[in-house]
There are 2 protein chains.
Amino acid sequence: MKQPARRVTAAMVAEHAGVSTATVSLVANGKSSGRVSKKNEERVLEAIRELGYYVDSIGSSLAKGVSSLVILVAPDISNPFFAKVITGVRSVLGNDYQLLLSVTDAGLSPSAAETRRLLGLRPAGLLVHAPTQEFLDDLAGPLPLVALDAPRIDESIPAVNMDVAQGAEDVVAHFAKLGHTKAAYLDASTGTDTLTVRREAFLAAAQRYGIEVLPSSIDSCMIDVKVASELFEQRWDSWRADGVTALGCATDNHAFGVLHAARKLGLDIPSQLAVAGFDDLPYSATSSPGITSVRLNATEMGRQAALKLREILDGRSPQELQSTLPSSLMVRGSTQPEGAR
Amino acid sequence: MKQPARRVTAAMVAEHAGVSTATVSLVANGKSSGRVSKKNEERVLEAIRELGYYVDSIGSSLAKGVSSLVILVAPDISNPFFAKVITGVRSVLGNDYQLLLSVTDAGLSPSAAETRRLLGLRPAGLLVHAPTQEFLDDLAGPLPLVALDAPRIDESIPAVNMDVAQGAEDVVAHFAKLGHTKAAYLDASTGTDTLTVRREAFLAAAQRYGIEVLPSSIDSCMIDVKVASELFEQRWDSWRADGVTALGCATDNHAFGVLHAARKLGLDIPSQLAVAGFDDLPYSATSSPGITSVRLNATEMGRQAALKLREILDGRSPQELQSTLPSSLMVRGSTQPEGAR
DNA sequence: GCATATTAGTTAAGCGCTTGACGAATCTGC
DNA sequence: GCAGATTCGTCAAGCGCTTAACTAATATGC
């Protein structure tokens, strides 16, 4: 249905149907019940179809003072895990809101300056992945917002988190049960709280379970398979000298790097070193060995965050401002030989 | 810098600075040279800072008839490869345009209906990943658009593609050199041309190189590691019976699935079956064995597409409407034992 | 010294849509 | 048959911004 270059306006539809633009607006927005007769509604709908009209969100947003956009702000979408979050969000938002992604610089916390410009779009709401408190403060102004994966933000801000503490505890308990007494931790150097929380939870749990983690056994690098691989290659000699037999990784991407380096070094996983990660990426189950990992239900996180946002947009205040999703440990070959389970 | 609930308008800035809104607009848009005196410019800037004003894109877009949004429409962002495209696009767009992602249903071609609604936002331009010709026809209307990874669309539409034909040829040539004479192909069942082209190029090259690919040795499934793994498990017996010793995969994700299934089946890769894929994902280099894969430069594709879009937006018509980026074959352990290279 | 540029700034007309206020017509109930 | 309720529609005032057209003041050329 090719259209002429000139865009179709409500006024054109109105003329075509022999009604006012007010009526067109009412019909186009589905607010016609009790305001528009069946007959006129038909004619307008007909005209809309015939001319190929669709509501101009710009004009509409200006008049309403708000758009139907929900913007998901994310610092890093390279993680496959993120696609699941989106699936979850989309399943809830449906056609009522349009979901748009704003990607800020990879690996960092979202940038407030950049995000503030998006506010000019008058989004109906914001979904923010892994924001820092600072980011949220900078944003200022009371606009509907739900944070995802933001374990350390103000309690007054709606958020959906993962139970990382439980996940870390599970990993450590698993290590303990396998008899490990000295561990290392491969961290990620991003400014996000998500990863800080993982590390701290790991260390705290290790202490409780009597597993020693020497400060020198904590090292961090970018979330990148290759970089993690190189770092581990450098560190392994010293860690081994310290008697390290288990390694916690901030992300499965790190664990992949370690697996790769181990192969190069002729180091056997898990007999010489047990490795566990976080995220349970699709690739983690199928690598060799499979990576023992804390599974986080990303789809559900997206779903619940969107649900919470809708509650806010509908004027209901969510009964639970912040919620935490359970995690579960997927035990695989990187900590325990296949068949030994 | 907390703001009062009421949003800051240009009129408020104008009053604060003692000028008209026209002047504020000029300054805020950097069009002040030759129109506004140094002194007034200073005062306006000062007022903007003081009040925390930022241009309302809604009002601005309505007045200008176009926004500063560039929308990247993508059917599937779960592929890690996609993050690179975004990096490339962002590097070119900078701060002049705001990049927003619209994710349509995973694995499918982008939906025109959904996209048409986004047109109400009056985007400055569209970047569309893997569209079909039908999608583009449905969109209708002359708006700045560049397609990415769309090998089969009308020649009049600006696009940046990958040289998949060369990649497929490289894979086949590699198989031939290793002495394989019978191959299978594991395809993906999405409606995108991208993958159709891969398959056809593979088959055509196979014919040229005298490698037989029985029709029954072509099977397809979703792009999902687990699904691919299961399908391969079912097929392998019959393929082996047919004498298949080499397998082309539509994506590296498929190849991962195959690796996983092979391990389960006790099948040695590459000695019993050589496996190659497309995409060269970050994980492909570090799996065991590493996956031989056609590397596609996603960042560059994003960069060039954005560049082309900018040319169009600036009124220059790109000297080359459609361009094709080279691919290169990364040979790894899944086709050739390590050390044998 | 005067016509012409140049510079600085303002006015006001929209851009396309929504919605509260208002009017007219039709329907109730008694 | 009529007051009051109900139904159907339109009017018109914005929403916040941009920009062509215009005015005014100052600089320039000869």
Side-chain angles (χ1 to χ4, degrees), chain A residues 3 5-45 47-48 51-69 117 119-124, chain B residues 3 5-45 47-48 51-69 117 119-124:
Chain A
Q3 290 312 314
R6 188 87 192 77
R7 73 175 289 117
V8 182
T9 69
M12 296 164 68
V13 175
E15 197 189 6
H16 197 85
V19 296
S20 71
T21 64
T23 305
V24 172
S25 174
L26 257 13
V27 173
N29 287 298
K31 293 184 183 166
S32 46
S33 97
R35 309 272 284 118
V36 181
S37 63
K38 267 267 166 281
K39 196 196 72 183
N40 266 0
E41 183 170 356
E42 269 312 313
R43 295 179 57 173
V44 172
L45 252 18
I48 287 180
L51 300 177
Y53 170 77
Y54 55 94
V55 177
D56 181 297
S57 348
I58 295 291
S60 164
S61 304
L62 186 55
K64 290 204 232 185
V66 63
S67 74
S68 62
L69 250 41
R117 303 178 66 188
L119 263 34
L121 288 171
R122 310 261 196 126
Chain B
Q3 290 311 313
R6 187 86 192 79
R7 73 176 290 119
V8 182
T9 69
M12 295 164 67
V13 176
E15 197 190 4
H16 197 87
V19 297
S20 71
T21 63
T23 305
V24 173
S25 174
L26 257 14
V27 173
N29 287 297
K31 293 185 182 163
S32 46
S33 95
R35 310 273 285 117
V36 180
S37 64
K38 268 268 166 280
K39 193 196 72 183
N40 268 359
E41 183 170 357
E42 268 312 314
R43 295 179 56 172
V44 172
L45 252 17
I48 287 181
L51 300 178
Y53 170 77
Y54 54 94
V55 177
D56 180 296
S57 350
I58 295 292
S60 163
S61 304
L62 186 55
K64 290 202 229 182
V66 63
S67 74
S68 63
L69 249 41
R117 302 179 65 190
L119 264 34
L121 289 170
R122 313 264 194 122

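Hydrogens, waters and symmetry mates are skipped; everything else that's a heavy atom, side chains included, is used. Lettering of chains follows the sequences in order, A, B, ..., and the numbering in each one begins at 1.
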**Prompt:** Only one of B:Val8, B:Thr21, B:Val27 forms a side-chain contact (heavy atoms from CB on, under 4.5 Å) with B:Val13, so which one is it?
**Reply:** B:Val8
**Prompt:** Looking for any heavy atom pair under 4.0 Å, which part of the strands does B:Ser20 touch: base, sugar-phosphate only, or nothing?
**Reply:** base
**Request:** Using a 4.0 Å heavy-atom cut-off across all strands, classify B:Ala10 as base, sugar-phosphate, or nothing.
**Result:** sugar-phosphate
**Prompt:** To the side chain of B:Arg7, which of D:dG14, D:dG16, D:dT10 is closest?
**Reply:** D:dG16
**Asked** Which part of the nucleic acid, if any, lies within contact of A:Val19, taking any heavy atom under 4.0 Å across all strands shown: a base, the sugar-phosphate backbone alone, or nothing?
**Response** sugar-phosphate
**Prompt:** Just to confirm, is there a sub-4.0 Å distance from OP1 or OP2 of D:dC8 to any side-chain nitrogen or oxygen of A:Asn40?
**Reply:** no
**Asked** Sub-3.5 Å donor-acceptor pair from the side chain of A:Arg43 to the main-chain atoms of A:Ala17, do we have one?
**Response** yes
**Request:** Rounded to 10°, tell me the angle between the two end axes of the helix from C:dG1-D:dC30 to C:dC30-D:dG1, each built from five pairs.
**Result:** 30°
**Asked** At under 4.0 Å between heavy atoms, what does B:Lys38 touch on the DNA or RNA strands: base, sugar-phosphate, or nothing?
**Response** nothing
**Message:** Between A:Thr9 and C:dG16, is there a contact of a side-chain N or O with OP1 or OP2 at under 4.0 Å?
**Reply:** no
**Prompt:** Which value, rounded to the nearest 0.5 Å, describes the distance between B:Tyr53 atom OH and B:Thr9 atom OG1?
**Reply:** 7.5 Å
**Prompt:** Do B:Arg122 and A:Asp56 have side-chain heavy atoms sitting under 4.5 Å apart?
**Reply:** yes
**Asked** Hey, does the side chain of B:Ser25 come within less than 4.0 Å of D:dT18's phosphate (OP1/OP2), counting only N and O?
**Response** yes
**Message:** Please determine whether a side-chain nitrogen or oxygen atom of B:Tyr54 lies at a distance below 4.0 Å from atom OP1 or OP2 of D:dG16.
**Reply:** no
**Asked** Given atom CG of A:Leu62 and atom C1' of C:dG16, what is their separation to the nearest angstrom?
**Response** 8 Å
N/O donor-acceptor pairs under 3.5 Å from side chains in residues 30-40 of chain A, not counting sequence neighbours:
residue : atom : partner : partner atom : Å
A:Ser32 : OG   : A:Glu41 : OE2          : 3.4
A:Ser37 : OG   : A:Asn40 : N            : 3.3

**Prompt:** Does a nitrogen or oxygen in the side chain of A:Thr21 sit under 4.0 Å from OP1 or OP2 of C:dG16?
**Reply:** no
**Request:** Write down the distance between CD (A:Glu41) and C1' (D:dT7), rounded to a whole number of angstrom.
**Result:** 14 Å
**Fill in**
Walking DNA chain C from its 5' end, the first of B:Lys39 and A:Lys64 to be reached, judged by nearest nucleotide, is B:Lys39
**Message:** Please report the interatomic distance CD(A:Glu15) to CG(A:Leu51), rounded to the nearest 0.5 Å.
**Reply:** 10.0 Å
**Candidate list B:Ser68, B:Ser61, B:Ser60, test side-chain contact (heavy atoms from CB on, under 4.5 Å), partner B:Lys64, passing option** = B:Ser60
**Prompt:** For the side chain of B:Leu26, counting heavy atoms from C-beta on, which of D:dT19, D:dA12, C:dA21 is nearest?
**Reply:** D:dT19
**A:Thr23 side-chain N/O to D:dT10 phosphate OP1/OP2 under 4.0 Å** = yes
**Message:** Let's see if you can work this out: which of C:dA8, D:dG9, C:dC15 has an atom nearest to the side-chain heavy atoms of A:Arg35?
**Reply:** D:dG9
**Prompt:** Can you tell which of D:dG9, C:dG16, C:dT18 lies closest to the side chain of A:Val36?
**Reply:** D:dG9
**Request:** Consider the side chain of B:Val55, meaning its heavy atoms from C-beta on, and name the nucleotide among D:dT18, D:dA21, D:dG16 that approaches it most closely.
**Result:** D:dT18
**Request:** Could you please name the option among C:dC17, C:dA21, D:dC17 that lies closest to any side-chain atom of B:Asp56?
**Result:** D:dC17
**Item:** B:Ser57 side, atom OG; A:Ile58 side, atom CD1 - distance, nearest 0.5 Å
**Value:** 8.0 Å
**Prompt:** Can you tell which of C:dT19, C:dC15, C:dC17 lies closest to the side chain of A:Lys31?
**Reply:** C:dT19
